[in-house]
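Data first, discussion second: the structure below is written as structure tokens.
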Amino acid sequence: MTRIVHKFTRRVPEWRPRLEPVKLEEATREQLDALRVTPSNTKVSDYVLTLAHDVESLSVRSPLFNAIMYDRGGMSREERELGALAASMVNRCIYCAAVHADRHAKLAKDNSVTDELFANGDKADLSPRNRAIFDFARKAAEAPPSAGPEDIDKLSRVGLSDEEIFDLILSSSLFGWANRLMHVLGDPVGRKETV
Amino acid sequence: MNVSDLTVLKQAGVTPDSTLSGVVSMRGNIIGMTQAAEVAVLRPKETGAFPHDLRAAIAARVARLAGDETLAAYYVSDAGQYAALAVPGEPDIQHEELAVVLSFVDKIANQTRDAAGDDISGLQAAGIADADIVRLCELVAFLAFQIRVISGLRLMNGKNK
């Protein structure tokens, strides 16, 4: 029996698609290219196989995702993860929130920020810099987006450069996209306990 | 970067040689890939069940649901016979078969957290193929991204003036 996970956790669940993913043995050349399937790399997740139904989008999205989250300069990776997490909490994407809370904790070498966010949500006790980052990303993720000039001013006041602010806009916006795939096309399910 | 060819910069009013243009040019690769993503979801080679004009109408509708009339106007100009669908809440008797698609679009755009298994099985029951469900999600999901990048850039633009 698998169980759908409804509560935020740093323990990354499995992702179970709500529709039939592309079957690797039936994939077209274009799909295989987008999936980067090579004879030595034939393991592809159900999530990526699901997105392979729209291969033109998948081909553009993977490098865009990596550039926004990992390109050098600007905002630290840890703080980009906080932007991703804030959006995922707004959209209640349990899977995305788990992955990016876990990455944040590992990059920060500290669980306390994500523990606090999962325990107290919007009312979490955060440092002024994390507070400004989380509040902007949370409001930007709402639908319609509700971040205003005062939220941007707050980011500058706690010391973010314009380059960092733009990176935060990108990472929190990116999860407006990712959450609408992950949270819509599948369910987060508990991993089977190993006996 | 050529601002006039890049939707997010044009929509946010980022002018060449401005302070903000200097900031975003550090991420010029990302702005370029964002434009390529717009092409992939609005004007793909393989359209599935959603031709380009219908995709433009859905994009205008999602922009309007986000309160972005300027972006909605940009998309509606390509919506052709589907232009009426760009107005949320107005039933369109000409395209009644799209009712289930449009209610899915509205929910995923603005009530994302409430998405559930029933939303996907409802589309399947209405005869929408799995590949088309993924195409529809990518369209709405990309727009959520683009709308927020534009909204953030407009805020930065206001700050730098």
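Lettering of chains follows the sequences in order, A, B, ..., and the numbering in each one begins at 1. Every heavy atom of this structure was used, including side-chain atoms; hydrogens, water molecules and symmetry mates were not. Being a predicted model, the structure only gives us computed values, none of them experimental.
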Exercise. Which atoms of Arg61(A) come close to chain B, meaning under 4.5 Å heavy atom to heavy atom: side chain ones, backbone ones, both, or neither?
Worked result: side chain
For this session: For the pair Ser25(B) (side chain) and Gly28(B) (backbone), establish whether a donor and an acceptor sit closer than 3.5 Å, ignoring hydrogens and angles.
Result: no
Exercise. If you measure from the Lys or Arg side-chain nitrogens to the Asp or Glu carboxylate oxygens, is any gap between Arg29(A) and Asp33(A) under 4.0 Å?
Worked result: yes
Exercise. Side chain, backbone, both or neither: which part of Asp151(A) has a non-hydrogen atom closer than 4.5 Å to chain B?
Worked result: neither
For this session: Check each atom of Val55(A) against the heavy atoms of chain B and say whether the ones under 4.5 Å are side chain, backbone, both or neither.
Result: neither
Problem set entry | Region of Asp71(A) that comes under 4.5 Å of a non-hydrogen atom in chain B | both
Problem set entry | Atom NZ of Lys154(A) with >12 non-hydrogen neighbours under 6.0 angstrom | yes
For this session: Find the one option among Ala67(A), Ala87(A), Ala178(A) whose heavy-atom pairs under 4.5 Å with chain B are most numerous.
Result: Ala67(A)
Problem set entry | Region of Lys107(B) that comes under 4.5 Å of a non-hydrogen atom in chain A | neither
Seminar exercise, completed: Whatever's closer than 4.5 Å to a heavy atom in chain B on Ala147(A) counts as both
Seminar exercise, completed: Highest number of heavy-atom pairs under 4.5 Å with chain B among Pro144(A), Ser59(A), Gly186(A), Pro21(A) belongs to Pro144(A)
For this session: Could you tell me whether the side chains of Trp177(A) and Glu138(B) share a donor-acceptor contact shorter than 3.5 Å?
Result: yes
Exercise. Highest number of heavy-atom pairs under 4.5 Å with chain B: which of Ile4(A), Asp167(A), Asn179(A), Ile165(A)?
Worked result: Asp167(A)
Exercise. Under a 4.5 Å heavy-atom cut-off, does chain A meet the side chain of Leu143(B), its backbone, both or neither?
Worked result: neither
Exercise. According to the interplanar angle, ranging from 0 to 90°, do the rings of Phe8(A) and Phe118(A) count as parallel (below 30°), tilted (30 to 60°) or perpendicular (above 60°)?
Worked result: parallel
Exercise. Is it true that the side chains of Arg18(A) and Ser121(B) contain a donor and an acceptor less than 3.5 Å apart?
Worked result: no
Exercise. Below 4.5 Å, heavy atoms only, C-beta onward: do Leu160(A) and Met75(A) meet side chain to side chain?
Worked result: yes
Exercise. Counting heavy-atom pairs under 4.5 Å to chain A, which of Gly67(B), Ala129(B), Ala36(B) comes out on top?
Worked result: Ala36(B)
For this session: Go through the atoms of Gln124(B) and report whether side chain, backbone, both or neither lie under 4.5 Å from a heavy atom of chain A.
Result: side chain
Exercise. Is any side-chain heavy atom of Phe175(A) closer than 4.5 Å to a side-chain heavy atom of Cys93(A)?
Worked result: no
For this session: Counting only heavy atoms closer than 4.5 Å, note whether Arg72(A) contacts chain B via side chain, backbone, both or neither.
Result: backbone
Seminar exercise, completed: Looking only at Leu65(B), Asp130(B), Val149(B), the option with the highest number of non-hydrogen pairs under 4.5 Å against chain A is Asp130(B)
For this session: May I ask you to test the His52(B)-Leu42(B) pair for a side-chain heavy-atom distance under 4.5 Å?
Result: no
For this session: Go through Leu155(A), Asp187(A), Leu64(A), Ile169(A) and name the one with the most non-hydrogen pairs under 4.5 angstrom from chain B.
Result: Leu64(A)
Exercise. Does one side chain, of Gln35(B) or Thr7(B), offer a donor that lies under 3.5 Å from an acceptor on the other?
Worked result: yes
Problem set entry | Residue part contacting chain B, namely of Ser161(A), when any heavy atom lies under 4.5 Å | neither
